[in-house]
Amino acid sequence: MADRLAPVTDLARTRPLLLLIDGHSMAYRAFFALPAENFSTSTGATTNAVYGFTSMLANLLRDERPTHVAVAFDVGRTTFRTEQYPAYKATRDATPEEFRGQVPLIKEILATLRVTTLEKEGFEADDVIATLATRAVASGMDVLVCSGDRDALQLVGPEVTLLYPRKGVSDLVRFTPEAVEDKYGVPPGRYPDLAALVGETSDNLPGVPGVGPKTAAKWITAHGDLEAVLAAAPTIKGKAGENLRTHLDQVRVNRELNAAVRDLELPVTVEDLASQPWDREAMHRVFDALEFRTLRERLLAMVPDAEDDAAAFDLEVVAAVPGSLGTWLAERDGRTVALEVSGRGNPTGGDAWTLALADGTQQALVVDLTDLDPQDESTLAVWLADGAAPKAVHGAKSAVHALGARGLDLAGVVFDTLLAAYLCHPDQRSYDLGDLAVRHLRRELRAESASGDGQGALDLDLDGGGVETGAAVRAAAVAELVEVLRGELADRASGGLLADLELPLVQVLVGMERTGIGAAGAYLAELEAHFAAAVADAASEAYAVIGREMNLGSPKQLQEVLFDQLGMPKTKRIKTGYTTDAAALTDLFERTEHPFLAHLLAHRDASRLRQTVEGLIRSVAPDGRIHTTFQQTIAATGRLSSTDPNLQNIPIRTEAGRRIRRAFVVGDGYETLLTADYSQIEMRIMAHLSGDEGLIDAFRSGEDLHNFVGARVFGVTTDEVTSAMRSKIKAMSYGLAYGLSSFGLSKQLGISVAEATALMEDYFARFGGVRDYLAGVVEDARRTGYTATILGRRRYLPDLTSDNRQRREMAERMALNAPIQGSAADIIKVAMLGVHRGLAQEGLASRLLLQVHDELVLEVAPGERAAVERLVRDEMAAAATLSVPLDVSVGTGRSWHDAAH
DNA sequence: CGTCTCACGTA
DNA sequence: CGTACGTGAGACGT
């Protein structure tokens, strides 16, 4: 009786718990429960089943805390059951293509979680589960079976519970023996008897007509089991009894087929299924690829620190006392010191509070920048600005901004773990230092046993991970990552890209961000008022047409008005109904001439322009200039991007839009803005990379590119190329660099697919080198796994070998475009370095302000216009030696608009 | 309040 | 069913 004193829950917890999941059935449920269109990656892969399954698994791991886990899968469609009874499951629809591709992904995730997956040729997942459940019970374990197959009900017993999905995959019903009996009127062991009588439509097993679960349960209860029911069949009365007698054979077949096999030979024992530490690096890789951010967080959040396999940093943290900094640095003279700045690294309003230095040997020095002894301050300033004192940092640009705010220059940065990680894996969305530490060092960003050495003036919060310790740990992580990432970069032959391109570019970008571009504040305010008035006018006219007010900016409300209320023809389908984008509205207007559409389009245009202007006004800094931030590690192709505000998408195509460009003006003390852009750089790179003689001739001839190509394709002279012909050729030439299909070309040009195909064939007949090059790029990338630019910048495209067509074709288009867009990015970065260096060398006061992918914007100091133009033309043209010239066009003017050409 | 979707600007 | 980005409004779920 003594054991009755112990709480039942504690007793239960002492027994091991095995979780067995029917992978196929649960994934299939998830596939239909979650709308596919809400779960696709940026590369177009559908992931709804993967998401649903993994989410369910995460919940089970959290709520049930199993000690052992396994997932069983079906192998193919043929099993011993289909051999025996060909009709078994014969009515099932073919598995959707979208679903099949997801099963391997689920297995990948399970592998990272170190969950055993099992499958057995000729058997179903249920048989594997039945076998394991039986063995687990025999060895004293409790078992949870998770399956959407009702046949699993027969496994339920005192130690075995079935979790059966009621709806979707998150709402699971818990079938204990009592629950089974409540619901079906028979104990779990008799459930197959009941199912044999009732039949199972989903397995294509017909039951006895007129016999449902109630009758079947009544008979089984009355006679004991199925055998007894069958034996008593002659005496059972009524229509049901008659039907039973004519279906005895079918019932026997059913009973044979629905019996789970409990003694399969399996390559593992139940003990082998014990939970193991997760492969966190692989998890990050797989979850990154699937773009499951929150799901990864949910899983990682479940790992208690004690079970965490990732170690922390074993670090001695020393707080700098007056005079100690110089000694510490001197002791490490010539060695690369990793540094971490805590603060804000914005171009304006930056600040730095703490600086941590680490040398990669478990010691870190923490310096409080807000309370520095004058002597130390000068020691630090000299060391930081010393280009010969090698340093490593995670995110050099932010560090320069942060330190710069305290008047400290940073030079001598020989390694940047952020840039290095980007060059190695340019497709990731973030390169958080903590993630890199886990991935490459298998460490968490926390201190194992931090300690001061007695001389510390700072009161370090060692256990709680205060600012100082945090900075020290990050610096230590940087120091260690340098070694690892240097190796990874070398493996990719990309060390030069970091040292000679991206790192030197940091200082150029810092200068551009810090300088900003002049903004005409009063003019911007006028523009805002002007566009706001246009918005109001368009809105009131639109309301007048439909006789009521509405939110014209709401796609949802617009759909109601256009398609329900006004009954307009349906446009292209999107997730949430029908598109109301400008192309569709313009098309609708041409067909219906409904005035509402014209007002709506005018409203769209005006409110967009107003919104752009408002954003710019908000961005004007106290110095009257706009300071964007150039992101150096975002675009997978190697381009820069611009944020806060984005100055790479300022309107230019429409007159109204160009008015916004007039707001970007030359600053006080400068003479003019100068813009310089590469003409047709992507097509020139295409000519170079493909080596196509025709295309190379086109650029060497000095003829208009599209006229030249058009003349060849259409077999006319260049002056016979009509503007219609020219625009077709232009669309096609650029489309090729994006992986355009004949379908896409036909849509864009409004011609038939056949015409588009013919046009492409004519094109390739004259420019065969282009076709061969494009085919070769994809082939090479499929073989090597990556594409490369002219400077060797790589982009890895694992999806090129995907079984999923959508995914594979997306990767193919990326492979076509990456070398071209990426080489253009390489070239303009080289040009920026050249221009920056040239300006300094020639002692010019003019400066770089912006980069817009193929264009540079400079602010020219008085009297330097000619020198700067020459310098910029030379440096941009000389940035790469291609088999075609790099043509640069230059314009100057008081505003960005006036400097256009 | 955070996250997603749509729409749309640039190269 | 043409690549690469960033932003803001509305819608939606927590």
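Just so it is clear, the structure is predicted and the values come from calculations on it, not from any experiment. Below, read A as the first sequence line, B as the second, and so on, with proteins coming before strands; counting in each chain starts at 1.
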Review point. Step by step, would you call A/F630 with A/L647 a side-chain contact (heavy atoms from CB on, under 4.5 Å)?
Key: CA-CA 9 Å; A/F630 288 105; A/L647 295 187; over 6 Å; no
Check your understanding: What's the verdict on side-chain contact (heavy atoms from CB on, under 4.5 Å) for A/E755 and A/L759, showing C-alpha distance, side-chain angles and the deciding distance?
Key -> CA-CA 6 Å; A/E755 282 177 89; A/L759 185 61; over 6 Å; no
Practice item. Determine, stepwise, if the pair A/H897 / A/R658 fulfils side-chain contact (heavy atoms from CB on, under 4.5 Å). Key: CA-CA 7 Å; A/H897 172 266; A/R658 283 193 289 274; 3.7 Å; yes
Practice item. Assess whether side-chain contact (heavy atoms from CB on, under 4.5 Å) is satisfied between A/M876 and A/E855, documenting all intermediate values. Key: CA-CA 10 Å; A/M876 287 179 74; A/E855 170 187 9; over 6 Å; no
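Contacts between residues 743-753 of chain A and DNA chain B, defined by a heavy-atom separation under 4.0 Å, are absent.
In this structure, A/L647 reaches neither bases nor backbone, as no heavy-atom distance under 4.0 Å exists between it and the strands shown. When heavy atoms are screened at a 4.0 angstrom cut-off, A/A824 is found touching no nucleic acid atom at all. Residue contacts shown for A/L816 are absent, as no nucleic acid heavy atom lies under 4.0 Å away. Among the heavy atoms of the strands, none lies under 4.0 Å from A/S607. At the heavy-atom level, A/T612 lies nowhere under 4.0 Å from the strands shown. Backbone-only contact: A/I652 has heavy atoms under 4.0 Å from sugar-phosphate atoms and none from a base.
Separating the OH atom of A/Y734 from the P atom of C/dA4 is a distance of 18 Å, rounded to the nearest angstrom. With rounding to whole Å, A/E812 atom CD is found 13 Å from C/dC1 atom C1'. For the pair A/I820 CD1 and C/dG2 C1', the interatomic distance rounds to 12 Å; values are reported in whole Å. One can place CZ of A/R807 at 15 Å from P of C/dC1, the figure rounded to the nearest angstrom. At whole-Å resolution of the value, NE2 in A/H853 and C1' in B/dA11 are 5 Å apart. As a whole-Å value, the separation of A/M686 CE from C/dG2 C1' is 12 Å. Nucleotide B/dA7 holds its P atom 14 Å from the CG atom of A/L552, rounded to whole Å. The separation between A/D605 atom CG and B/dC8 atom P is 9 Å, rounded to whole Å.
At a cut-off of 3.5 angstrom, the base of B/dA11 holds at least one donor-acceptor pair with the side chain of A/R639.
Nearest nucleotide to the A/T576 side chain, out of C/dA4, B/dC6, B/dA7: B/dC6. Of the candidate nucleotides B/dC6, B/dG9, C/dT3, C/dT3 has the atom nearest to the side chain of A/Q821. Among B/dT5, C/dA4, B/dA7, the nucleotide with an atom closest to any side-chain atom of A/R604 is B/dA7. Which of B/dC8, C/dT3, B/dT10 sits closest to the side chain of A/R653 comes down to B/dT10.
OP1 or OP2 of B/dA7 sits under 4.0 Å from a side-chain N or O of A/T580.
Between A/H594 and A/F596, the ring-plane angle classifies as perpendicular under the 30° and 60° cut-offs.
Applying the ring-ring contact (aromatic ring centres under 6.0 Å, His included) test to pairs two or more places apart or on separate chains, those with a residue in residues 786-835 of chain A are A/Y786-A/Y796.
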If you look only at distance, which donor and acceptor atoms sit under 3.5 Å apart when one is on a side chain in residues 527-537 of chain A and the other is two or more places apart or in another chain?
residue	atom	partner	partner atom	Å
A/H530	NE2	A/R659	NH1	3.2

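Classification of A/D799 and A/R807 as a salt-bridged pair holds, one side-chain N sitting under 4.0 Å from a carboxylate O. Under a 4.0 Å N-O distance rule, the pair A/D704/A/R726 qualifies as a salt bridge.
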Exercise for review: Take nucleotides 5-13 of chain C nucleotide by nucleotide from the 5' end and write B, S or -, depending on whether a protein heavy atom sits under 4.0 Å from the base, only from the sugar-phosphate, or from neither.
Suggested key: SBSS-SSS-
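Rounded to a whole angstrom, the distance from the C1' atom of B/dC4 to that of C/dG2 is 24 Å.
For the salt bridge (charged side-chain N to carboxylate O under 4.0 Å, His left out) test, no residue two or more places apart in sequence or in another chain qualifies with A/R344.
Stem list for DNA chain C (at least 3 consecutive Watson-Crick or G-U pairs, distances under 3.5 Å): B:1-11 with C:3-13.
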